[in-house]
Undergrad: 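One structure, as structure tokens, below. Some questions next.
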Amino acid sequence: MPAAQAISAAARRVPLWLVWGAGLAPVPWLLWQAATGGLGVEPVEALEHRLGELGLQLLIASLAVTPLRRHLGVNLLRFRRALGLLAFTYVALHLAVWLALDVQTLARAGEDILKRPYITVGMAAFVLLLPLAATSTDRAVRRLGARWRQLHRLAYPAAVLGGLHYVLLAKGLQLAPLAYLAAILALLVLRLRWPAVRRA
């Protein structure tokens with residue numbers, strides 16, 4: 001597949017610092033928009049939601065790396081760790097905005113986690129992402145060995161919970177949250193190794 005080979009070759013020439021720079025570029029812009037009224041009449045809510053959506057988008061991008069290589073021959077494997085860490089960064093910022101600017105107290109945050117299903121689900125997703133972010137270093141890969149790959153399978157339920165969090169958060173059945181969840185489920189199905197069909 002010449003196109004896949006060309007994309008893979010071009011990707012090898014992209015420095016990782018550029019991926020990080022592009023990935024984090026929306027943060028100062030969103031903060032500026034929130035501070036200057038560019039996010040509407042509810043800037044905290046808009047900032048919170050946008051950060052969470054970016055985190056989910058990056059998590060989906062990280063899940064797409066293996067199916068792209070397996071089914072289309074496009075090798076973007078060198079970007080997967082950066083995409084995963086960027087996703088965690090946005091999810092952590094999403095949580096920080098919710099804690100510091102929305103609920104503002106730990107007591108109220110605890111109440112919301114217990115009473116509101118979408119927050120319970122979102123917090124569960126964040127908890128699953130914590131060990132992944134903590135072990136996303138070369139040293140951790142060497143120390144954990146085969147266990148590292150098993151641990152990082154937590155990204156799959158974390159992504160599903162993240163998509164479900166978005167669906168539950170939305171008022172009514174909205175297309176965008178359902179599309180995100182469908183994309184996550186589709187990528188997980190594509191990651192499965194189906195047994196070869198024997199021809200008679």
Undergrad: Please report the shortest heavy-atom distance between Leu63 and Arg191, naming the atom on each side.
TA: O-NH1, 3.6 Å
Undergrad: Just how far is it from atom CZ of Arg116 to atom CG of Leu169, taken to the nearest 0.5 Å?
TA: 10.5 Å
Undergrad: Using the rule that two of Ile, Leu, Val, Met, Phe, Trp, Tyr join whenever any of their side-chain heavy atoms come within less than 4.5 Å, decide whether Leu54 and Trp29 are in one cluster.
TA: no
Undergrad: Any link between Leu39 and Trp32 through a network of hydrophobic side chains (Ile, Leu, Val, Met, Phe, Trp, Tyr) touching at under 4.5 Å?
TA: no
Undergrad: Is there a side-chain contact between Trp98 and Met123 (heavy atoms, below 4.5 Å)?
TA: yes
Undergrad: Roughly how far apart are His165 NE2 and Ile119 CD1, rounded to 0.5 Å?
TA: 7.5 Å
Undergrad: Backbone N or O of Gly84 within a donor-acceptor pair of the Ser62 side chain at under 3.5 Å?
TA: no
Undergrad: When Thr135 is tested against each of His152, Arg147, Arg143 for side chain to side chain donor-acceptor pair (under 3.5 Å), which residue passes?
TA: His152
Undergrad: Measure the spacing between CD1 of Ile184 and CD1 of Ile60 and express it to the nearest 0.5 Å.
TA: 4.5 Å
Undergrad: Between Val44 and Leu101, which heavy-atom pair has the shortest distance, and what is it?
TA: CG1-CB, 3.7 Å
Undergrad: Flag the pair Leu181 / Leu185 as yes when at least one side-chain heavy-atom distance between them is below 4.5 Å, and no otherwise.
TA: yes
Undergrad: Check Ala34 against Pro43 and note the closest heavy-atom contact, atom names and distance.
TA: O-CB, 3.8 Å
Undergrad: What heavy-atom pair brings Val103 and Ala109 nearest, and what distance separates the two atoms?
TA: CG2-CB, 3.9 Å
Undergrad: In Å and rounded to the nearest 0.5 Å, what is the CH2 to CG distance from Trp20 to Leu83?
TA: 9.0 Å
Undergrad: Find out whether Leu47 and Leu31 are in side-chain contact, i.e. whether some heavy atom of one side chain is under 4.5 Å from a heavy atom of the other.
TA: yes
Undergrad: With a 4.5 Å cut-off on side-chain heavy-atom distances among I, L, V, M, F, W and Y, is there a chain of contacts connecting Phe126 to Leu114?
TA: no
Undergrad: Side-chain contact test, heavy atoms from C-beta onward, threshold under 4.5 Å: evaluate it for Leu58 versus Thr89 and give yes or no.
TA: no
Undergrad: Which heavy atom of Leu56 sits nearest to which heavy atom of Ala159, and what is that distance?
TA: CD1-O, 4.4 Å
Undergrad: Looking at CG of Asp112 and CG of Asp102, how far apart are the two atoms once the value is rounded to the nearest 0.5 Å?
TA: 8.0 Å
Undergrad: Does Leu18 have more than 12 heavy atoms from other residues, nucleotides or ligands lying within 6.0 Å of its CG?
TA: yes
Undergrad: For the residue pair Thr66 and Arg80, establish whether any side-chain heavy-atom pair is separated by less than 4.5 Å.
TA: yes
Undergrad: Stepwise, does the salt bridge (charged side-chain N to carboxylate O under 4.0 Å, His left out) test hold for Arg50 with Glu53?
TA: CA-CA 5 Å; Arg50 186 59 184 137; Glu53 190 174 9; 3.5 Å; yes
Undergrad: Would Leu128 end up clustered with Leu144 when hydrophobic side chains under 4.5 Å apart are linked, directly or stepwise?
TA: yes
Undergrad: Do you know the tightest heavy-atom contact between Ala125 and Ala158?
TA: CB-O, 3.6 Å
Undergrad: Any chance you could measure Arg12, atom CZ, to Leu76, atom CG, to the nearest 0.5 Å?
TA: 10.5 Å
Undergrad: Quick one: does Tyr118's side chain get under 4.5 Å of Tyr166's, heavy atoms only?
TA: no
Undergrad: Kindly say whether Ala11 contributes a backbone atom to a donor-acceptor pair with the side chain of Arg78 at under 3.5 angstrom?
TA: yes
Undergrad: Is there a donor-acceptor pair closer than 3.5 Å between any side-chain N or O of Tyr180 and the backbone N or O of Gly162?
TA: no
Undergrad: So do Arg142 and Trp148 actually touch side chain to side chain, heavy atoms under 4.5 Å?
TA: no
Undergrad: Let me see the working for Tyr90 and Val27 under side chain to side chain contact (heavy atoms under 4.5 Å, CB included), right down to the final yes or no.
TA: CA-CA 9 Å; Tyr90 277 100; Val27 175; 3.5 Å; yes
